S.K.: 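Can you keep this structure in mind? I'll have questions shortly.
By convention in this document, chain letters (A, B, ...) are assigned in the order of the sequence lines, proteins followed by strands, and residues within each chain are numbered from 1. FYI, side chains are in, hydrogens and waters are out, and symmetry mates aren't considered; it's all heavy atoms of this structure. Predicted, not measured: the structure shown is a model, and the values here were computed from it.
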Amino acid sequence: MALLPRNAKAGMEGVDKEKMQRIVYETSKGSKYFENEEKKEALLRQKIENMRAQRAKLSAADLSHYQTVADRRILELEATRDLSRIWLHADMDAFYAAVETLSNPSLKGKPMAVGGMSMISTANYEARRFGVRAAMPGFIARKLCPELIFVPTDFKKYTHYSELTRKVFEKYDPNFMAASLDEAYLDITEVCKERSMSGGEIAEELRKCVNEETGLTCSAGVAPNRLLAKVCSDINKPNGQFVLTNDRMAVMTFIFSLPIRKIGGIGKVTEHILRDAFGISTCEEMLQKGGLLCALFSHSTADFFLSVGLGIGRTDTPQVSSRKSISSERTFSATDDETLLYQKLADIAEMLCTDMKKGGLCGRTLTLKLKTASFEVRSRAVTSEKYFSSSEDILKYASKLLKAELPISLRPTLVSFQ
DNA sequence: ATACATACC
DNA sequence: GACTGGTATGTAT
């Protein structure tokens with residue numbers, strides 16, 4: 001059985017999900033992509049089996065030891081709980097699609113997706129009712145919704161509107177953290193205090209202001225930390241908000257019934273592992289099974305799981321760290337023509353070099369990412385003595401890496417690390 | 001340092 | 001017919 005694609009998004013009530021699943025399945029069944037997905041799922045099942053076996057091997061003494069470890073760690077984490085800050089997570093509603101509708105109002109009310117036949121990056125709410133969603137290939141989306149309108153991606157436009165929203169965010173928190181073009185975290189503790197307003201009142205005002213400045217709507221979550229604020233912004237999407245008060249009991253009540261998949265950082269795979277190997281589906285169960293988690297996961301992963309169970313997240317404002325990598329990748333139809341592969345590599349090297357020059361960046365490690373015709377992904381890296389940034393250097397290292405892989409049928413990529 | 005996986009938008 | 005692209009981070013070796 002295939003894994004479910006992604007979170008069911010808002011606006012999907014009263015829709016024939018089974019029929020949609022079947023269309024998605026029928027459309028991709030038998031493809032190279034599908035075969036690769038099945039292979040990955042088999043590996044995941046294997047990994048889960050291994051974890052179940054490890055779990056079964058734990059003696060009563062082990063279990064009691066790790067329970068003690070978990071109990072102590074829970075107390076330590078609880079001691080770090082900070083309820084003094086108010087965080088707001090702002091999330092634009094169907095951002096790219098909404099921007100495109102703004103510049104072409106005739107799209108209003110019609111199912112529409114931003115992207116093309118190979119991939120969709122955003123679907124508006126009308127399209128979501130048909131099961132169309134981000135990260136779905138366009139040709140499948142069109143099967144789900146034959147009248148779907150496709151609009152090509154235009155990052156310049158989205159960047160412009162993103163800047164408008166950021167001017168608003170700045171007024172509430174000059175140090176706000178941009179998470180992407182359409183999402184940001186704001187520490188609104190000070191502004192709440194200065195203006196004697198609640199987090200919810202600030203959120204209402206901010207959303208109204210964003211709407212006036214851009215014509216777009218957004219949703220907001222207000223909570224004592226960023227992890228919770230992010231969960232909250234999704235609750236009353238679109239054009240809504242949700243406030244979680246700075247009260248330990250309120251936080252615990254909220255988090256306990258929450259499915260773990262709602263938490264940022266817990267994706268499809270982690271959800272599957274925790275459910276099938278440990279019977280964990282809600283955040284409360286993270287705490288209840290804390291001993292097992294401490295026994296079978298690394299220190300940092302177990303810590304993350306336990307803090308999720310406690311509803312503890314980051315409340316600090318880290319200074320903006322410099323970027324750690326820059327990459328350029330392009331997927332093309334599979335070929336084993338070596339001359340063509342080198343040509344593609346040169347093109348990507350050129351694009352990467354352009355981006356590096358633009359950012360005034362250079363790197364020491366070059367990673368060549370290869371996608372085979374069967375959708376398998378490989379990476380090969382070299383680290384040089386000195387930093388480099390010229391397209392000649394990039395191509396020199398990349399060619400060497402590619403040469404070692406030939407002969408091969410590829411649809412590749414190129415990455416450079418710092 | 002390298003390879004690969006996971007996650008997020 | 002067709003399943004992205006950019007960045008960060010975790011885990012294992």
S.K.: Between A:Arg364 and B:dT2, is there a side-chain N or O to OP1/OP2 distance below 4.0 Å?
M.R.: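 No, because none of the side-chain N or O atoms of A:Arg364 sits under 4.0 Å from OP1 or OP2 of B:dT2.
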S.K.: Once you apply a heavy-atom cut-off of 4.0 Å, does A:Ile263 come out as touching a base, just sugar-phosphate, or nothing?
M.R.: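 A:Ile263: backbone/sugar contact only, no base atoms under 4.0 Å.
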S.K.: Would you call A:Lys32-A:Glu35 a salt bridge at under 4.0 Å N-O?
M.R.: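 No.
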S.K.: Within this structure, what is the CD-to-C1' distance between A:Glu37 and C:dT4, rounded to whole angstrom?
M.R.: 14 Å
S.K.: Between B:dT2 atom P and A:Lys369 atom NZ, what is the distance in whole Å?
M.R.: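 Going from NZ in A:Lys369 over to P in B:dT2 covers 18 Å.
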S.K.: Which parts of residues 87-95 of chain A get close to DNA chain C, meaning a heavy atom less than 4.0 angstrom away?
M.R.: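 The answer is none.
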S.K.: For C:dT7, does either OP1 or OP2 sit under 4.0 Å from a side-chain N or O belonging to A:Ser327?
M.R.: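 So the side-chain polar atoms of A:Ser327 do come within 4.0 Å of the phosphate oxygens OP1 or OP2 of C:dT7, strictly under.
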S.K.: Just the rounded figure in Å: distance from P of C:dG10 to CZ of A:Phe304.
M.R.: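 Computing the A:Phe304:CZ to C:dG10:P distance gives 10 Å.
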S.K.: Please determine whether a side-chain nitrogen or oxygen atom of A:Arg142 lies at a distance below 4.0 Å from atom OP1 or OP2 of C:dA2.
M.R.: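 No, because none of the side-chain N or O atoms of A:Arg142 sits under 4.0 Å from OP1 or OP2 of C:dA2.
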S.K.: Considering only side-chain heavy atoms of A:Glu329, which listed nucleotide, C:dT7, B:dC9, B:dA7, is closest?
M.R.: C:dT7
S.K.: Distance-only, no hydrogens or angles: does the A:Arg226 side chain make a donor-acceptor pair with backbone N or O of A:Asp316 under 3.5 Å?
M.R.: yes
S.K.: Categorize A:Thr122 for me: base, sugar-phosphate, or nothing, with a 4.0 angstrom heavy-atom threshold over every strand shown.
M.R.: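 Result for A:Thr122 = nothing.
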S.K.: A:Met51 CE to C:dA12 C1': how many Å, rounded?
M.R.: 13 Å
S.K.: Between C:dT9 and A:Lys324, is there an OP1 or OP2 to side-chain N/O distance shorter than 4.0 Å?
M.R.: yes
S.K.: Distance check needed: B:dA7 P versus A:Lys40 NZ, whole Å only.
M.R.: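 To the nearest whole Å, that distance equals 11 Å.
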S.K.: Would one find a side-chain N or O of A:Thr331 under 4.0 angstrom from OP1 or OP2 of C:dC3?
M.R.: no
S.K.: Base, sugar-phosphate or nothing for A:Leu181? Non-hydrogen atoms, less than 4.0 Å.
M.R.: nothing
S.K.: Between the main-chain N or O of A:Ala90 and the side-chain N or O of A:Arg207, is there a donor-acceptor pair closer than 3.5 Å?
M.R.: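 No; zero donor-acceptor contacts below 3.5 Å.
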S.K.: From C-beta outward on A:Ile326, which listed nucleotide comes closest to its side chain: C:dT7, B:dA7, C:dG5?
M.R.: C:dT7
S.K.: For the pair made of CD1 in A:Ile120 and P in B:dC9, what is the distance, rounded to whole Å?
M.R.: 17 Å
S.K.: Identify all side-chain donor-acceptor contacts of residues 212-221 of chain A below 3.5 Å with residues at least two apart in sequence or on another chain.
M.R.:
| from | atom 1 | to | atom 2 | distance (Å) |
| --- | --- | --- | --- | --- |
| A:Thr214 | OG1 | A:Val210 | O | 2.7 |
| A:Thr214 | OG1 | A:Leu216 | N | 2.9 |
| A:Thr217 | OG1 | A:Asp93 | OD2 | 2.7 |
| A:Ser219 | OG | A:Asp93 | OD1 | 2.8 |
| A:Ser219 | OG | A:Asn239 | N | 3.1 |
| A:Ser219 | OG | A:Gly240 | N | 3.4 |

S.K.: Nearest of B:dC9, B:dA7, C:dG5 to any side-chain atom of A:Asp182?
M.R.: B:dC9
S.K.: Does A:Ser28 contact C:dC3 through a side-chain donor or acceptor facing the base, at a distance under 3.5 Å?
M.R.: yes
S.K.: Does A:Asp303 have any salt bridge (Lys or Arg N to Asp or Glu O under 4.0 Å) partners at least two apart in sequence or in another chain, and if so, which?
M.R.: A:Arg73
S.K.: For A:Leu370 and B:dA5, what is the distance between atoms CG and P respectively, to the nearest whole Å?
M.R.: 13 Å
S.K.: Is the NZ or CZ atom of A:Arg128 both under 6.0 Å from the centre of the six-membered ring of A:Tyr125 and within 45° of that ring's axis?
M.R.: yes
S.K.: Rounded to whole angstrom, note down the P distance from B:dA5 over to C:dT4.
M.R.: 16 Å
S.K.: What salt bridge (Lys or Arg N to Asp or Glu O under 4.0 Å) pairs are there with at least one residue in residues 388-402 of chain A, not counting sequence neighbours?
M.R.: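 Counting only pairs at least two positions apart or across chains, the salt bridge (Lys or Arg N to Asp or Glu O under 4.0 Å) contacts touching residues 388-402 of chain A are A:Asp393-A:Lys396.
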S.K.: Who passes ring-ring contact (aromatic ring centres under 6.0 Å, His included) against A:Phe278, sequence neighbours left out?
M.R.: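 Partners of A:Phe278 by the ring-ring contact (aromatic ring centres under 6.0 Å, His included) criterion, ordered by chain and then number, come out as A:Phe297.
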S.K.: Starting at the 5' end of DNA chain C, which residue's closest nucleotide do you reach first, A:Phe375 or A:Ser298?
M.R.: A:Phe375
S.K.: Can you list every pair that meets salt bridge (Lys or Arg N to Asp or Glu O under 4.0 Å) and has a residue in residues 282-299 of chain A, with sequence neighbours left out?
M.R.: none
S.K.: Give the nucleotide from the list B:dC9, C:dA8, C:dC3 with an atom nearest to the side chain of A:Lys230.
M.R.: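 Side chain of A:Lys230 sits closest to B:dC9.
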S.K.: Please tell me if A:Ser379 has a side-chain N or O lying less than 4.0 Å from either OP1 or OP2 of B:dC4.
M.R.: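 Checking A:Ser379 against B:dC4: at least one side-chain N or O falls below 4.0 Å of OP1 or OP2.
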S.K.: Taking only side-chain N and O atoms of A:Ser325, does any of them lie within less than 4.0 angstrom of OP1 or OP2 on C:dA8?
M.R.: yes
S.K.: Please state how far atom CZ in A:Arg380 lies from atom P in B:dA5, giving the value in whole angstrom units.
M.R.: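 Spelled out: CZ on A:Arg380 to P on B:dA5 is 11 Å.
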S.K.: Does a side-chain N or O of A:Thr270 approach OP1 or OP2 of B:dA7 to a distance below 4.0 Å, or not?
M.R.: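 Yes.
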S.K.: Please state whether the phosphate of B:dT2, meaning OP1 or OP2, lies under 4.0 angstrom from any side-chain nitrogen or oxygen of A:Thr383.
M.R.: yes
S.K.: Go nucleotide by nucleotide along DNA chain B from the 5' end; which of A:Leu43 and A:Ile266 gets its closest nucleotide reached first?
M.R.: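 Its nucleotide being nearer the 5' end, the pick is A:Leu43.
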S.K.: Hey, which sits more toward the 5' end of DNA chain C by its nearest nucleotide, A:Ser321 or A:Met136?
M.R.: A:Met136
